[in-house]
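Chain letters run A, B, ... following the sequence lines, proteins first, then strands; residues in each count from 1.
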There are 2 protein chains.
Amino acid sequence: MSPARGTRVLGTAEDRREDVLSTAIGAFAARGYFGTTTVEVAKAAGISQAYLYRLFPDKEALFAAVVGRCFDRIRESFAAGAAAATGSSPEAVLWAMGGAYAELIRDEHLLMVQMHAQCAAVSVSEVRRAVQQGYARLVEYARSVSGGTDEQLQEFFARGALCTEVVTMGAHAIDAPWARTLNTGLRH
Amino acid sequence: MSPARGTRVLGTAEDRREDVLSTAIGAFAARGYFGTTTVEVAKAAGISQAYLYRLFPDKEALFAAVVGRCFDRIRESFAAGAAAATGSSPEAVLWAMGGAYAELIRDEHLLMVQMHAQCAAVSVSEVRRAVQQGYARLVEYARSVSGGTDEQLQEFFARGALCTEVVTMGAHAIDAPWARTLNTGLRH
DNA sequence: GACATGTGAGTAGTCAACCACACTATTGCG
DNA sequence: CGCAATAGTGTGGTTGACTACTCACATGTC
């Protein structure tokens with residue numbers, strides 16, 4: 001039965017948590033863990049700050065959960081890329097995963113949260129744990145699905161790291177020799 | 001003539017600014033632009049917060065200056081490495097510069113400010129300008145002194161980016177397959 | 001006397017976290 | 001079925017601590 005007009009409709013807390021995790025990526029993207037207020041996150045999710053604090057114990061846990069969510073998305077994109085790879089050599093699979101990742105980060109918010117997570121990892125223990133665990137899963141997944149060597153995997157993630165740096169500093173939109181050097185062959 | 005005992009000795013404002021730029025690297029390292037207070041920076045430099053604001057117009061200019069200082073140090077380390085290179089091939093020179101850089105970041109503070117600068121670059125215009133300019137100089141310097149190709153230079157900076165990520169998340173101290181994969185051959 | 005170096009004591013505003021309370025759904029029971 | 005008790009969803013308003021930035025004033029230097 002559909003609810004009467006004008007009355008409030010309640011969802012489940014779990015639904016709301018999902019909403020928050022999705023919208024908070026956009027909220028944290030610009031100024032990261034320290035520079036983003038919990039009010040901004042709540043507003044982005046369309047809930048009150050008070051309720052945000054009922055969904056997550058504190059700001060640290062909230063951000064760590066958002067970071068975990070970002071890693072999940074990346075892992076999913078790896079899987080999609082690997083599934084669509086033309087060929088089964090490590091090179092072909094890694095190349096396809098890189099392409100899927102490049103597609104994923106067309107929305108730059110995710111990339112920036114990734115960067116901010118690295119920064120917060122320095123001094124926020126729960127975030128550091130999330131980043132380490134996220135990377136661990138990413139590396140092992142990439143290894144298992146591609147069968148690449150340590151060197152190939154390292155190169156793969158090094159290019160990802162460079163890509164992140166280039167985009168956060170805005171070099172991908174600059175037309176100068178130094179920027180072209182960094183951008184060469186990068187599919188952001 | 002040495003000043004009388006117990007009286008205050010004044011330096012020049014320029015000296016103080018230098019002090020601040022050096023000590024502020026340590027202050028900003030842990031929590032970055034948004035997470036570090038100007039009081040902390042002043043305390044690290046041994047001056048009052050009020051005087052800090054006479055030396056720098058605002059927090060943004062202060063942090064941008066600190067970032068510029070970090071890039072200067074990196075450039076110096078590149079020069080030292082290049083000077084000590086055994087051989088003049090691009091590979092040899094880049095390898096030597098990488099080694100000097102690895103030596104420089106034995107003090108992890110510099111590396112972390114570098115990371116935080118990337119993050120702040122997303123939303124703080126003056127910092128973004130400092131990062132772009134710093135990278136531009138770094139890339140062009142590395143190119144001119146090594147004579148490397150775009151591909152070689154890109155690989156060089158990609159490994160630097162990976163190194164930064166690994167250290168900020170603490171993976172260089174972890175003994176697990178995924179961490180070893182990322183660390184392979186990295187001289188942090 | 002003129003100017004530079006340097007500080008204590010603010011101010012107006014912001015932030016994370018909390019609490020009392022209102023509203024909605026579900027369940028138990030006669 | 002009726003209806004009260006219970007549990008879950010959601011918010012306005014507050015608080016105490018903190019933050020970037022300022023100003024009047026003191027001290028040292030030429």
In whole Å, I'd like the distance from the [atom1] atom of [X] to the [atom2] atom of [N].
{"X": "B/Leu52", "N": "C/dA9", "atom1": "CG", "atom2": "C1'", "value": "17 Å"}
{"X": "B/Tyr53", "N": "C/dG8", "atom1": "OH", "atom2": "C1'", "value": "17 Å"}
{"X": "B/Asp58", "N": "D/dA20", "atom1": "CG", "atom2": "C1'", "value": "9 Å"}
{"X": "B/Asp15", "N": "D/dG28", "atom1": "CG", "atom2": "C1'", "value": "15 Å"}
{"X": "A/Glu60", "N": "C/dC15", "atom1": "CD", "atom2": "C1'", "value": "16 Å"}
{"X": "B/Phe34", "N": "C/dT14", "atom1": "CZ", "atom2": "C1'", "value": "15 Å"}
{"X": "A/Leu55", "N": "D/dG10", "atom1": "CG", "atom2": "P", "value": "8 Å"}
{"X": "A/Glu18", "N": "D/dT9", "atom1": "CD", "atom2": "C1'", "value": "17 Å"}

Want to settle it: does B/Gly35 or B/Ala50 sit nearer the 5' end of DNA chain D, counting the closest nucleotide to each?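 Its nearest nucleotide lies further toward 5', so the answer is B/Gly35.
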A/Glu103 versus A/His188, side-chain donor and acceptor atoms under 3.5 Å: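 Judged by distance alone, the side chains do not pair up.
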Side chains of A/Glu108 and A/His172: do they bring a donor and an acceptor to under 3.5 Å?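 Yes, A/His172 and A/Glu108 have a side-chain donor paired with an acceptor closer than 3.5 Å.
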Selected nucleotide, minimal atom distance to [X] side chain, candidates [options]:
{"X": "A/Arg54", "options": "C/dT7, D/dT11, C/dT5", "value": "D/dT11"}
{"X": "A/Thr38", "options": "C/dA16, D/dT9, C/dG6", "value": "C/dA16"}
{"X": "A/Tyr51", "options": "D/dG10, C/dT7, C/dA17", "value": "D/dG10"}
{"X": "A/Thr37", "options": "D/dT11, C/dC15, D/dG10", "value": "C/dC15"}
{"X": "B/Gln49", "options": "D/dC21, D/dT9, C/dA16", "value": "D/dC21"}

For A/Tyr33 and B/Glu14, take the nucleotide of DNA chain C holding the closest heavy atom to each; which residue's nucleotide lies nearer the 5' end?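 Here B/Glu14 is the residue nearer the 5' end.
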A/Ser22: partners by side chain to side chain donor-acceptor pair (under 3.5 Å), with sequence neighbours left out: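 A/Ser22 satisfies side chain to side chain donor-acceptor pair (under 3.5 Å) with A/Arg69 once adjacent residues are dropped.
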What do you reckon, are the aromatic ring centroids of A/Tyr51 and A/Phe56 less than 6.0 Å apart?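 So the answer is no for these two rings.
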Does the gap between the ring centers of B/Phe34 and B/Phe28 come in under 6.0 Å?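 Here the rings of B/Phe28 and B/Phe34 have centres that are no less than 6.0 Å from each other.
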Classify the angle between the aromatic ring planes of B/Phe63 and B/Tyr33 as parallel (below 30°), tilted (30 to 60°) or perpendicular (above 60°).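 The arrangement is tilted - the two ring planes meet at 30° to 60°.
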Can you pull out how bent the helix from C/dG1-D/dC30 to C/dG30-D/dC1 is, comparing the axes over its first five and last five pairs, to 10°?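 Roughly 10°, once rounded to the nearest ten degrees.
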Output yes when at least one side-chain N/O atom of A/Arg16 is less than 4.0 Å from OP1 or OP2 of D/dG10, else no.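 A/Arg16 to D/dG10 OP1/OP2: side-chain N or O found under 4.0 Å.
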Treating B/Asp150 as the side-chain partner and A/Thr184 as the backbone partner, does any N or O pair qualify as donor plus acceptor under 3.5 Å?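 No.
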